[in-house]
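Input: a single structure, listed below in structure tokens.
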Amino acid sequence: MKRIILSTLLALMSTFAFAQKGQIWLGGSAGYNHKSTSIMSSNTLDMNIYPEFYITDTWSVYGGPLFNYEAQNINLDIYSIDTKSTSGGLFIGTTKYFPLSEKFALYARFEVDGAWGSGKEGSQEYSLSHYDVMLTPGLNFLLHDKIALFLELGKGLMFESINHKDKDSGQSSNETNFSAEFLTSGISVGVLFRLK
């Protein structure tokens with residue numbers, strides 16, 4: 001019985017038809033996240049587009065440009081402040097797929113990115129640099145032999161370093177965070193198109 005179950009699992013894992021070694025796919029995703037409490041609301045929009053090259057049938061590398069917009073409102077009894085920032089940058093990563101059937105796979109994505117931009121907190125303007133290292137889980141659905149849909153389930157395990165520099169005073173502040181954000185940081189939806 002154990003052999004039958006093991007054989008079935010191996011057969012399912014070997015029949016993932018999503019991609020084959022040497023194929024190139026063009027991907028892109030957009031993620032939106034809204035958080036709200038009694039004193040704060042936050043909206044974030046992330047977008048990117050990238051080529052993805054398959055080095056094996058279940059392993060790929062990718063990279064490209066990214067865009068991020070964030071707006072936040074903090075409302076306390078004694079004051080209220082609005083913060084907005086826009087940044088753009090580059091990212092590179094690798095994805096390992098774990099096929100469950102011919103058209104469905106789980107994946108783990110390891111990504112490093114850097115973004116640079118500017119923002120405004122109240123009347124104070126600042127420049128920012130942002131660096132992330134992420135390990136993100138996701139789901140991949142093959143809709144057609146040349147089109148796939150994927151869902152990223154939050155940002156996963158994330159290390160980030162943010163540097164703010166006030167444009168008027170020149171003072172800098174650094175912030176470093178490590179977090180586990182599964183589903184709490186929003187879900188990104190993306191599409192992949194096979195080019196080759």
Side-chain angles (χ1 to χ4, degrees), residues 5-6 8-21 23-36 42-70 87 89-115 130-162 175-194:
I5 292 171
L6 184 59
T8 304
L9 286 173
L10 288 172
L12 283 174
M13 294 177 106
S14 65
T15 60
F16 185 51
F18 174 63
Q20 281 117 30
K21 181 179 177 179
Q23 285 186 343
I24 299 172
W25 290 66
L26 181 64
S29 68
Y32 173 77
N33 185 31
H34 173 77
K35 292 180 185 176
S36 184
S42 172
N43 295 296
T44 305
L45 174 67
D46 295 299
M47 293 186 294
N48 61 47
I49 187 167
Y50 55 89
E52 188 166 9
F53 178 75
Y54 285 79
I55 53 179
T56 72
D57 290 353
T58 60
W59 200 277
S60 69
V61 293
Y62 62 93
L66 60 87
F67 170 79
N68 176 273
Y69 172 79
E70 186 169 351
S87 61
L90 298 171
F91 65 96
I92 187 166
T94 184
T95 304
K96 174 63 177 161
Y97 292 91
F98 302 95
L100 300 177
S101 73
E102 190 172 312
K103 297 190 180 270
F104 177 71
L106 300 175
Y107 66 79
R109 180 168 277 183
F110 177 78
E111 185 175 299
V112 177
D113 68 50
H130 193 268
Y131 304 96
D132 295 328
V133 177
M134 294 178 281
L135 180 60
T136 307
L139 310 169
N140 196 305
F141 305 94
L142 184 64
L143 301 174
H144 182 274
D145 66 337
K146 293 188 177 191
I147 301 172
L149 175 70
F150 65 90
L151 301 172
E152 287 188 356
L153 307 175
K155 293 184 187 257
L157 296 174
M158 182 171 79
F159 172 80
E160 66 180 344
S161 176
I162 304 168
E175 180 182 337
T176 302
N177 300 309
F178 179 78
S179 60
E181 298 182 9
F182 298 97
L183 297 176
T184 60
S185 59
I187 295 175
S188 291
V189 177
V191 178
L192 291 164
F193 299 97
R194 192 174 81 204

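Using a 4.5 Å heavy-atom cutoff, the side chains of L45 and N68 are not in contact. Using a 4.5 Å cut-off on side-chain heavy atoms (C-beta onward), L90 and L66 make no contact. The shortest side-chain heavy-atom distance between P99 and T58 falls under the 4.5 Å cut-off. Between L192 and I147, the closest side-chain pair of non-hydrogen atoms is not below 4.5 Å. N48 is not listed as a side-chain neighbour of F67, based on a closest heavy-atom distance of 4.5 Å or more. You'll find the side chain of E111 reaches within 4.5 Å of the side chain of Y62, heavy atoms only. A 4.5 Å side-chain heavy-atom check between F193 and H144 finds every atom pair outside the cut-off. You'll find the side chain of F104 reaches within 4.5 Å of the side chain of L139, heavy atoms only.
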**OP:** Show your reasoning for whether side chain to side chain contact (heavy atoms under 4.5 Å, CB included) applies to Y97 and D57.
**Re:** CA-CA 9 Å; Y97 292 91; D57 290 353; over 6 Å; no
**OP:** For side chain to side chain contact (heavy atoms under 4.5 Å, CB included), just list the numbers for E52 and T95, CA-CA rounded to whole Å, side-chain angles, deciding distance to a tenth of an Å, and then say yes or no.
**Re:** CA-CA 9 Å; E52 188 166 9; T95 304; 3.8 Å; yes
Original post:
Where do D132 and V112 land on the side chain to side chain contact (heavy atoms under 4.5 Å, CB included) test, with the steps shown first?
Top reply: CA-CA 6 Å; D132 295 328; V112 177; over 6 Å; no
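Note on ring orientation: taking the six-membered ring where Trp is involved, the planes of Y54 and W25 are perpendicular (angle over 60°, cut-offs 30° and 60°). Ring geometry for Y50 versus F91: interplanar angle over 60°, hence perpendicular rather than tilted (30 to 60°).
Within 6.0 Å of CD1 on I92 lie no more than 12 heavy atoms contributed by other residues, nucleotides or ligands. Counting heavy atoms of neighbouring residues, nucleotides and ligands inside a 6.0 Å radius, atom NZ of K96 exceeds 12 of them.
A pairwise comparison of heavy atoms in T44 and E70 identifies OG1-CG, 3.6 Å as the closest pair. Residues I24 and F53 approach most closely at CG1-CD1, 3.6 Å, considering heavy atoms.
There is a side-chain donor-acceptor pair under 3.5 Å between W59 and T94. For the residue pair R109/T136, the side-chain donor-acceptor check at 3.5 Å is not satisfied.
Atoms CZ and CG, from F110 and L135 in turn, are 7.5 Å apart once rounded to the nearest 0.5 Å. Of the inter-residue distances, the one linking D46 atom CG with S87 atom OG reads 8.0 Å to the nearest 0.5 angstrom. Remark: S29 OG to L149 CG distance equals 11.0 Å, nearest 0.5 Å.
Every residue two or more places apart in sequence or in another chain was checked for a side chain to side chain donor-acceptor pair (under 3.5 Å) with T56, and none qualifies. Listed by chain and number, the residues in a side chain to side chain donor-acceptor pair (under 3.5 Å) with Y69 amount to none (sequence neighbours excluded).
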